[in-house]
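One structure is given below, encoded as structure tokens.
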Amino acid sequence: MIPTQGYAVTGPKAAFEPFNFERRELGSRDILIDILFCGICHSDIHQARGEWGNSIYPMVPGHEIVGRVVRKGSDVSKFNEGDIAGIGCFVDSCRKCENCKRGLEQCCKVHCTMTYNGTEMDLVTPTFGGYSKNYVVDEAYALKVQPDQPLAGVAPLLCAGITTYSPLRKFKVGEGQKVGVVGLGGLGHMAVKLAASMGANVTVFSTSPSKEADARALGAHNFVVTSNPDNMTPLAGTYNFILDTVSANHDLNMYLNLLAYDGVMVIVGIPTKPHEIQAFSVIGNNRVLAGSGIGGIPETQEMLDYCAKHNITSDVEVISIDRIAEAYERTIKSDVRYRFVIDLSSMPV
Ligand code: NAP
Ligand code: ZN
């Protein structure tokens with residue numbers, strides 16, 4: 001086993017503390033990655049605080065990982081020592097079911113091993129995430145990252161990037177379409193950059209008036225402050241696609257009503273309470289309400305290559321690992337511009 005260190009919480013109200021644990025010895029298809037940067041996703045906060053009711057403690061969160069390959073098993077062909085690799089939200093799956101064969105490993109019918117707060121395929125061994133020095137992963141579940149990019153800004157692509165790219169692609173968002181992005185946080189700001197790069201006319205729906213200039217700089221064409229219903233009324237029935245990235249409980253009907261005929265709204269935000277939906281909100285204009293969860297390995301690689309080609313990275317605030325608590329508090333207050341990323345060189349030795 002490989003001794004390592006991370007930062008963990010031991011319960012829903014516990015503070016982050018240094019935590020010693022072990023990574024597995026490399027198998028023939030494994031790579032050992034020294035983590036350079038790890039993004040802080042709101043899902044880390046939900047899980048560290050037990051908000052989804054599925055938390056396993058001690059928990060080392062982190063599933064937006066970029067690092068350098070420092071060792072590889074004898075059968076590894078995709079990576080060499082020195083390469084930059086990424087790890088997203090999951091690190092294994094059955095590889096045999098219909099969904100795995102289609103590259104939809106996140107929907108594996110047997111078991112998807114989440115990068116942290118999960119278990120390995122034995123359903124027993126806990127996984128620990130990227131708020132740590134290193135990770136051992138099967139090369140099939142690691143992504144190739146082009147090294148000549150600002151790597152702190154690449155890390156959030158591994159979750160926020162793919163979670164927004166996948167539904168934009170599935171519903172063929174592009175030129176001539178009016179697209180709404182609800183919530184300008186980690187996912188939301190990536191959705192704006194990606195949808196704008198695909199040629200859509202993008203509106204940000206936000207509770208934070210102070211984010212307007214940033215939204216426009218990110219590529220949005222319009223900015224609507226949602227707290228005033230007068231701002232929403234004239235927009236009813238005019239949007240082709242809306243992506244809802246909001247992490248807290250909120251009213252979906254208000255946004256569904258903005259959809260034009262056959263318009264689609266995709267939920268990616270995961271608040272703690274169930275949504276209440278008026279039947280008329282979807283019956284009017286024959287609207288579609290859908291959900292989307294991260295993305296499989298092939299599409300995640302496609303997204304990373306797309307972002308490298310289009311010079312798209314996340315706007316980040318890089319922090320040392322002793323500042324996780326402060327980053328969580330600011331993220332919850334919608335005061336993140338627009339993703340906190342931990343610089344793992346700050347890990348105490
Ligand atoms: P985030 O950075 O905290 O952004 C969420 C944004 O939602 C905030 O910046 C804020 O934007 C808005 N918001 C917050 N509270 C609100 C409220 N009470 N009413 C209306 N809007 C509010 O979070 P994130 O990392 O982007 O994650 C967003 C959600 O997606 C989380 O629930 C996370 O767990 C989930 N997620 C899902 C997937 C998936 O696969 N589906 C993947 C990753 C994350 P404004 O200031 O602009 O209003
Ligand atoms: Zn995430």
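Counting starts at 1 for both ligands and their atoms, following the listed order. The structure presented is a predicted model; accordingly, all values stated were derived computationally and were not measured.
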Checking [X] side chain against [Y] main chain: does a donor-acceptor pair fall under 3.5 Å?
| X | Y | result |
| --- | --- | --- |
| Thr119 | Pro126 | no |
| Arg71 | Glu81 | no |
| Ser55 | Gln47 | yes |

Lys/Arg N to Asp/Glu carboxylate O, [X] vs [Y], below 4.0 Å:
| X | Y | answer |
| --- | --- | --- |
| Arg102 | Glu299 | no |
| Lys72 | Asp83 | no |
| Asp75 | Arg29 | no |

Shared hydrophobic cluster, Leu289 / Ile270 (ILVMFWY, side-chain heavy atoms < 4.5 Å)
no

Looking only at protein heavy atoms, which one is nearest to [atom], and what is the separation?
| atom | value |
| --- | --- |
| atom 26 (O) of ligand 1 | Leu187 N, 2.8 Å |
| atom 20 (C) of ligand 1 | Thr207 CG2, 3.4 Å |
| atom 23 (O) of ligand 1 | His42 CB, 3.1 Å |
| atom 5 (C) of ligand 1 | Ser247 OG, 3.7 Å |
| atom 39 (C) of ligand 1 | Thr163 CG2, 3.4 Å |
| atom 25 (O) of ligand 1 | Arg339 NH1, 2.6 Å |
| atom 12 (C) of ligand 1 | Gly183 CA, 4.0 Å |
| atom 10 (C) of ligand 1 | Ser334 OG, 3.3 Å |

Among Lys193, Lys211, Arg337, Arg339, which residue satisfies the salt bridge (Lys or Arg N to Asp or Glu O under 4.0 Å) criterion with Asp315?
Lys193

With respect to the Zn ion (ligand 2), please indicate if Cys89 possesses an N, O or S atom at a distance under 2.8 Å.
no

For the Zn ion (ligand 2), decide whether His42 has an N, O or S atom at a distance under 2.8 Å.
no

Heavy atoms only: give me the nearest Val192-Ala215 pair and the separation to one decimal.
CG1-O, 4.2 Å

Parallel, tilted or perpendicular, as decided by the 30° and 60° cut-offs, for the rings of [Y] and [X]:
| X | Y | value |
| --- | --- | --- |
| Phe171 | Phe241 | tilted |
| Tyr328 | Tyr131 | perpendicular |
| His42 | His46 | tilted |

Check each atom of ligand 1 against the heavy atoms of [X] and keep those under 4.0 Å away; list them by number with element.
| X | value |
| --- | --- |
| Val246 | 7 (O), 13 (N), 16 (C), 20 (C), 21 (N), 22 (C) |
| Thr331 | 3 (O) |
| Ser206 | 45 (P), 46 (O), 47 (O), 48 (O) |
| Gly185 | 2 (O), 4 (O), 9 (O) |
| Ile294 | 39 (C), 40 (O) |
| Cys159 | 42 (C), 43 (C) |
| Trp52 | 34 (O) |

Counting both backbone and side chain atoms, is some N or O of [X] under 3.5 Å from an N or O of ligand 1?
| X | answer |
| --- | --- |
| Ala248 | no |
| Pro271 | no |
| Lys211 | yes |
| Tyr338 | no |
| Gly188 | no |

Have Tyr141 and Ser93 got a donor and an acceptor in their side chains that come within less than 3.5 Å?
yes

Can a side-chain donor-acceptor contact be found between Ser132 and Arg23 if the only test is distance below 3.5 angstrom?
yes

For ligand 1, note which part of Ser292 has a heavy atom under 4.0 Å away: side chain, backbone, both or neither.
backbone

Quick one: look at Phe340 and ligand 1, take heavy-atom pairs under 4.0 Å, and tell me if it's side chain, backbone, both or neither.
neither

Looking at Phe340, I'd like to know if the NZ or CZ of Arg323 sits under 6.0 Å from its six-membered ring centre while staying within 45 degrees of the ring's axis.
no

How open is the angle at the Zn ion (ligand 2) from atom NE2 of His63 over to atom SG of Cys41, rounded to 10 degrees?
110°

Which option wins on minimum heavy-atom distance to atom 28 (C) of ligand 1: Ile270, Thr245, Thr226?
Thr245

